[in-house]
Number of protein chains: 2
Amino acid sequence: MPQADNGAGLSQSLERGLAILSAFTPERPALGISELARMLALTRSTTHRYVATLATLGYLQQDDSTRRYRLGPRVLDLGFSTLGSLELREIAAPHLRRLTDSTGHTSNLAIRDDTDVILIDRVRGRQGRYHHLEFSLHVGSRLPSYCSATGKALLAFMPRPELDRLLDRIDFVQRGPRTLTDRAALLAELENVRRTGVAVNDEELDSALRSIAAPVRSRSGEVVAAVNVAIPWSPVGMDELVSEYGPALRATARQIAAGVI
Amino acid sequence: MPQADNGAGLSQSLERGLAILSAFTPERPALGISELARMLALTRSTTHRYVATLATLGYLQQDDSTRRYRLGPRVLDLGFSTLGSLELREIAAPHLRRLTDSTGHTSNLAIRDDTDVILIDRVRGRQGRYHHLEFSLHVGSRLPSYCSATGKALLAFMPRPELDRLLDRIDFVQRGPRTLTDRAALLAELENVRRTGVAVNDEELDSALRSIAAPVRSRSGEVVAAVNVAIPWSPVGMDELVSEYGPALRATARQIAAGVI
DNA sequence: TACGGCGTTCTAATATTCGGAACATGCCAC
DNA sequence: GTGGCATGTTCCGAATATTAGAACGCCGTA
């Protein structure tokens, strides 16, 4: 059966094997061969061969009783060698901690991956309030950039043509009471970010969730990351919070940038 | 060129592709095609095809200036969906936090992967002392089980034949001033663990590093994880520390076990 | 200018992978 | 019980996806 060409000379087996690994999520932590085969439109025998390979390498584990498979510990190694490879993270760590110590609030370091941001470091503040979403965030979490402070800080300084192509791919979904749900509103907001050097998230991702972020620049001036502090809800206006936390954030971002080789 | 059979019907391409991903470490975060090809004894063209596949899928990123490759953000997703899939981690989280709050010390939840333990959750205590190794540990870290408290807690209750096979694979390296450097000493120590229900690490992994751990059992009675607290060095004797922290650890382990479905 | 190394592309040959068929097992309804 | 259905697993011939060599363009250095 001649198969459609994948495009350029890509490895079908590798692609399929990784698709199998990606099929496991916290919501579906255990999957059987037939289940996987249906999901990926493969035959059971082919699926079994990939799964057997992944299992012998330690990337999957078979449950003795149900005969289904789940992710194995080897997969963790992959993820954490990624984190360890990010020198930015090491440079930023002490500055993040200082930011949290001085403000009392949770701070994060985030990078952009296409239309998302990914938290690559996180220092939890005193767990005063208990915001469900905030609490569930952890290193490795993905958030849409259009409705997060770090995301806006990362988008604001992109070259315009690249930004336009990226915005085309964004699906503006209302996630909080004040989410910016169209491109024009986001663009206007990004203009504010460029003017003030600080990005805010005022209940755009979830209600009662606010945050302020600043971009981190590399030696060459490119924005490579963003730092933020999450601010528990209070009746204080956003402008006031920006005056209160903005300087510390900009300072932290500057200090991190100074350490980047 | 007929190639040696890998064993059973395993997927060569998948195996090689994953070997490429594994070749990236925090020490060697960026690798070129030729470099990878030499490491894995492959031709450059074959290596390139795998790398191109991994790059288009987002698992690798190419550095524009050096043309070398580094791990991409997609790899993080894999690792963290593993963590998210561990329901044990979610169950244990609040109990770990309580343990750290009440003792003031860093606590960990660990599972075993063959001869290693892997930290799957970690709550940092007040950073009073600054122990270099302790500080560098994080979720995802691997430690040898023979010289860690969690490791001994996890080994102690293994069925004897399985334990014997595992011990054969252990290389007893002196890592701290009191490392148990032979099998007999470790076996004797595991007997203590079974008797007291608590495992200790008294400068066996590194100097000035002590820790106490307790095993966590599943519904069926099997030991599936271990909790520990790291204890900053003090002139107090280990026995005294066990009396001080042992009950809280056993209680925490019991509470976690009670939550396991 | 010649050289060696690099990442990359192309291609013919074939080893590796594919998928249908068949087996053993466990589960459920009847 | 018993038949049916779904599962994980194994086998094997067919052929596709993969392989490795050669060649390209590029970049440094000698």
Side-chain angles (χ1 to χ4, degrees), chain A residues 1-24 28-72 220, chain B residues 1-24 28-72 220:
Chain A
M1 183 201 296
Q3 208 133 345
D5 196 335
N6 262 336
L10 296 170
S11 170
Q12 183 188 70
S13 302
L14 181 51
E15 198 168 353
R16 289 175 169 181
L18 291 167
I20 288 179
L21 280 186
S22 302
F24 293 84
R28 268 192 276 84
L31 295 167
I33 297 283
S34 302
E35 222 166 340
L36 282 165
R38 274 192 300 272
M39 290 172 66
L40 305 175
L42 300 173
T43 61
R44 274 184 298 159
S45 56
T46 298
T47 306
H48 185 268
R49 211 164 43 85
Y50 291 135
V51 168
T53 304
L54 291 167
T56 57
L57 295 175
Y59 293 97
L60 291 178
Q61 282 180 335
Q62 186 168 28
D63 190 303
D64 288 333
S65 59
T66 67
R67 317 240 75 187
R68 286 152 41 114
Y69 292 83
R70 39 182 67 247
L71 291 170
S220 64
Chain B
M1 183 201 301
Q3 208 133 348
D5 196 335
N6 262 337
L10 277 83
S11 171
Q12 184 188 70
S13 303
L14 180 51
E15 197 168 354
R16 288 174 167 182
L18 292 167
I20 287 179
L21 279 186
S22 302
F24 293 84
R28 267 192 277 85
L31 295 167
I33 297 284
S34 301
E35 222 166 339
L36 282 165
R38 275 192 299 271
M39 290 173 65
L40 305 175
L42 301 171
T43 61
R44 275 185 298 159
S45 57
T46 299
T47 307
H48 184 268
R49 212 163 44 85
Y50 291 134
V51 169
T53 304
L54 291 168
T56 58
L57 296 175
Y59 293 97
L60 291 178
Q61 281 180 336
Q62 186 168 29
D63 189 303
D64 287 333
S65 59
T66 67
R67 316 241 75 190
R68 283 146 49 109
Y69 292 83
R70 40 182 67 248
L71 291 170
S220 64

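FYI, side chains are in, hydrogens and waters are out, and symmetry mates aren't considered; it's all heavy atoms of this structure. Letters A, B, ... are given to chains in the order of the sequence lines, protein chains preceding strands, and every chain is numbered from 1.
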Undergrad: Report yes if at least one side-chain N or O of Q12(B) is closer than 4.0 Å to OP1 or OP2 of dT19(D); otherwise report no.
TA: yes

Undergrad: Should L71(B) and Y59(B) count as side-chain neighbours, where that means a heavy-atom distance under 4.5 Å?
TA: no

Undergrad: Starting from the 5' end of DNA chain D, give me the residue, L14(A) or L31(A), whose nearest nucleotide shows up first.
TA: L31(A)

Undergrad: Test: salt bridge (Lys or Arg N to Asp or Glu O under 4.0 Å). Region: residues 52-69 of chain A. Which pairs qualify, not counting sequence neighbours?
TA: E35(A)-R68(A)

Undergrad: Nearest nucleotide by nearest heavy atom, which residue falls closer to the 5' end of DNA chain D, T66(A) or T43(B)?
TA: T66(A)

Undergrad: Run the side-chain donor-acceptor check on residues 50-57 of chain B: report pairs under 3.5 Å with partners two or more places apart or on a different chain.
TA:
unit_1 : atom_1 : unit_2 : atom_2 : d
T53(B) : OG1    : S11(A) : N      : 2.8
T53(B) : OG1    : R49(B) : O      : 2.8
T56(B) : OG1    : A52(B) : O      : 3.3
T56(B) : OG1    : T53(B) : O      : 3.0

Undergrad: Output the residues of residues 45-64 of chain B in contact with DNA chain D, where contact means a heavy atom of the residue under 4.0 Å from an atom of the strand; sort by number or write none.
TA: S45(B), T46(B), R49(B), Y50(B)

Undergrad: Say you draw a straight line from OG of S22(A) to CD of E15(A); how long is it, rounded to the nearest 0.5 Å?
TA: 10.5 Å

Undergrad: By the 4.0 Å heavy-atom rule, please label R68(B) as base, sugar-phosphate, or nothing.
TA: nothing

Undergrad: Side chains of residues 36-47 of chain A: which donor-acceptor partners sit under 3.5 Å, not counting sequence neighbours?
TA:
unit_1 : atom_1 : unit_2 : atom_2 : d
T43(A) : OG1    : S45(A) : OG     : 3.4
T43(A) : OG1    : T46(A) : N      : 3.3
T43(A) : OG1    : T46(A) : OG1    : 2.9
T47(A) : OG1    : T43(A) : O      : 2.8

Undergrad: Between atom CG in L10(B) and atom P in dT17(C), what is the gap in whole Å?
TA: 9 Å

Undergrad: Does the side chain of Y69(A) reach to within under 4.5 Å of the side chain of L31(A), using non-hydrogen atoms?
TA: no

Undergrad: Could you walk me through whether L60(A) and L21(A) pass the side-chain contact (heavy atoms from CB on, under 4.5 Å) check?
TA: CA-CA 8 Å; L60(A) 291 178; L21(A) 280 186; 4.0 Å; yes

Undergrad: From C-beta outward on R67(A), which listed nucleotide comes closest to its side chain: dG7(C), dT17(C), dG8(D)?
TA: dG8(D)

Undergrad: Do any side-chain nitrogens or oxygens of Y69(A) fall under 4.0 Å of OP1 or OP2 in dT9(D)?
TA: yes

Undergrad: Just to be sure I understand: a Watson-Crick pair is purine N1 to pyrimidine N3 plus N6-O4 or O6-N4, both under 3.5 Å. Using that and G-U wobbles, which stems of three or more pairs involve DNA chain C?
TA: C:1-30 with D:1-30

Undergrad: Given the structure, check if the side chain of R44(A) and the base of dG19(C) hold any donor-acceptor pair shorter than 3.5 Å.
TA: no

Undergrad: Distance check: side-chain N/O of S13(A) vs OP1/OP2 of dT18(D), anything under 4.0 Å?
TA: yes

Undergrad: Near DNA chain C, counting only heavy atoms under 4.0 Å, which residues of residues 32-42 of chain B show up?
TA: G32(B), I33(B), S34(B), R38(B)

